Amino acid sequence: MKHLNAWLFTLVAPLTLAQAPQDFSAVQVVPHQIAEGLYYLEGSGGNIGVSVGEDGVFLIDDQYAPLTEKIIAAVKSITDEPIRFVFNTHHHGDHTGGNQNMGNAGVIIIAHENVRTNLSNAFNGGDLTKALTAEQSAGLPVITFADNIDLHLNGHDMHAQHLAPAHTDGDSIVVFKDANIIHTGDVFRTTSYPRADAAANGKFFGIVAAYETLLAISDDNTVFLPGHGVLSKRSDVQAQLTMFNTISSRVKTAKDAGQTLEQIQAAKPSAEFDAAWSAGNTNAGSDLVAVIFNELNAE
Ligand SMILES: [Zn+2]
C-alpha cells in the first residue's frame, strides 16, 4: 500500500486532469458488505466487487481513473492488505478506467482475451499497428483466458466464465461458488434496458442467452451483483428476462406480419416497461426495438 499511496501523489492528479472531462470530485466511493470478506464499492461507473483476506485484495473492475485514489481509500477502510489483482468484466471505460493506475502500481490485471484486444484498440485510437505508450500498456490485462479461469484466493473458489457476445464480446461473470454470489458485469443491470454494444459485437439475443445462463447456474439464495444497480435475486433476473421475451416476441410477431421498423416502433411494443427502464432516455424503448428488429433481420 505504501507504494500505491506514494505513487498516487505524483501521478493520479495530472492523469485526472488530462483524461477526464467529467468531474469526479464530488463522487464518493462507498463500501457495502455482501458476505464475510466480500464487498462491493459503489462510486461512479460499474459496481466494484471486492474480496479481502490474507491473500490480498481482489477487485472486480476499477471504475474511472480519477477515482483510483478514492477506491484505494475505500479498500483501506476495509483492510490493510494490498490490492493484488483486478479482474475486468469487460473493456468499457466505466469498468476499466482505473487499469493504468492499478497496472502502474503493480496490480495484476486479469480479463478475457477480447478485453485485452478491445482495450488495445481503445488505447491506440483504433489502430492496432500503432504502438501503445508505456502508460497505456500498463492498463492492459497481463493474464488473459479464452473461456474461463478459476481463482483461489482468500478462502474462496472463484470461477470467471466468458459468455457468448452479449453486452460486448468480452463479457465475463465471476461466480463466488461457496458464497453463492455472482458479479455479472454489465450483462445484467437493474438501472436500464439491456445495452448491446454493437461496436464490440454485443447482441441483445446474447444478453437473453446470458440471463438464461445466470438462471441455470443460480438458486433462490444467489446474490447477484449487477454491473450497474442494486444487489438482486434470481427472481429479479427472471423478471427482466420475461420482459425481454415479451418485447422481442411482439417485435418478431409484427415483423413476421410484414411491418417495418418504423411501424413497429410507432406501436410501442415496450410501452408498459418504458417508464421503469428508460433511465431518462425518451428513445430507450424505440432504440431497444430497433436493436431487436435489426438482429432478427440479420438472422
Ligand atoms: Zn459496459
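As the structure lists them, so they are numbered: ligands from 1, and atoms in each ligand from 1. The residues of the chain are indexed from 1 along the displayed sequence. All figures in this text were calculated on a predicted structure; none of them were measured in a lab.
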Let's go through Thr184 and Val237 carefully: what are the C-alpha distance in whole Å and the side-chain angles of both, what is the deciding distance for side-chain contact (heavy atoms from CB on, under 4.5 Å) to 0.1 Å, and is it a yes or a no? CA-CA 11 Å; Thr184 65; Val237 178; over 6 Å; no
The single option from His162, His183, His95 passing ring-ring contact (aromatic ring centres under 6.0 Å, His included) against His90: His95
Which of parallel (below 30°), tilted (30 to 60°) and perpendicular (above 60°) describes His32 and Tyr40? parallel
Test item: Tyr211 and Gln240 side chains (from C-beta on) under 4.5 Å apart, heavy atoms: yes
Does a salt bridge link Lys255 with Glu295, judged by any charged N lying under 4.0 Å from a carboxylate O? no
If waters are left out, how many protein N/O/S atoms lie within less than 2.8 Å of the Zn ion (ligand 1)? 4
Please say whether the positively charged group of Lys233, taken as NZ for Lys or CZ for Arg, lies over the ring of Phe224, i.e. under 6.0 angstrom from the six-membered ring centre and within 45 degrees of the axis. no
